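Everything numeric here is computed off the predicted structure, so don't read it as measured data.
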Amino acid sequence: MKKRSFALLGASFFIGLTKDIKSITAPKTKVSLPIFYAGHWLFYDELSHRHHNLDISSDLTIRIDERALNGEVERLDERELSFLDEYGFHLRIDANDQGPISLFDEADNRTYPIKLAPIKEPSEPKIEDED
């Protein structure tokens, strides 16, 4: 009987120890959802043959081609940001585990793949010679 008790005690200790190790090694922090969607994104409209900019700020202000969209966020989770504009049309930004991947525009009934815009390095100011 004592051997069984010691075996159960040992197994319980081992299970508790592995749970503690997992909690130490697995990060519990997640990026906040507004930050997850925030960024400067690019998409291409094949019908008009135009490239467009999509900017989402950390306060979820949305701009397309430098024009702010008036409206409100209706849904925000790990897979979707849904925005209702002032005209009653939805913009939906879909995401996967890495970040936003597409933009659905209800006004055009079209989905555009989006990609993160490359970060531009600040240019150094030119110093003119005073000869």
Decide whether Phe83 and Ile101 are clustered together by the hydrophobic rule: side chain heavy atoms of Ile, Leu, Val, Met, Phe, Trp, Tyr closer than 4.5 Å, transitively. no
Sequence neighbours excluded, which residues qualify as ring-ring contact (aromatic ring centres under 6.0 Å, His included) partners of [X]?
X     : value
His52 : Phe43
His49 : none
Tyr44 : His51

Passing option when Ile64 is tested against Asn53, Leu91, Asp55 for side-chain contact (heavy atoms from CB on, under 4.5 Å): Leu91
Could you list the residues that satisfy salt bridge (Lys or Arg N to Asp or Glu O under 4.0 Å) with Asp45, not counting sequence neighbours? Arg110
For Asp97, what residues pass the salt bridge (Lys or Arg N to Asp or Glu O under 4.0 Å) criterion, not counting sequence neighbours? Arg79
What's the shortest heavy-atom distance between [X] and [Y], and which atoms?
X      : Y      : result
Ser102 : Ile114 : N-CG1, 3.6 Å
Asp105 : Ala107 : OD1-N, 3.0 Å
Ile62  : Leu54  : CG2-CD1, 3.8 Å

Supply the members, apart from Phe89, of the Ile/Leu/Val/Met/Phe/Trp/Tyr cluster built from side-chain contacts under 4.5 Å; use none for a lone residue. Tyr87
Counterpart residues, side-chain contact (heavy atoms from CB on, under 4.5 Å), relative to [X] (two or more places apart):
X      : result
Ser58  : Ile35
Pro34  : Ser32, Leu60, Leu76
Asn109 : Phe104
Ala95  : Phe36, Tyr37

Pairwise salt bridge (charged side-chain N to carboxylate O under 4.0 Å, His left out) hits with a residue in residues 83-94, at least two apart: Arg92-Asp94
Less than 4.5 Å apart, any side-chain heavy atom of Ile56 and any of Thr61? no
Sequence neighbours excluded and cut-off under 3.5 Å, please list the side-chain donor-acceptor pairs for residues 66-74, or say none.
unit_1: Glu74; atom_1: OE1; unit_2: His90; atom_2: NE2; d: 2.7

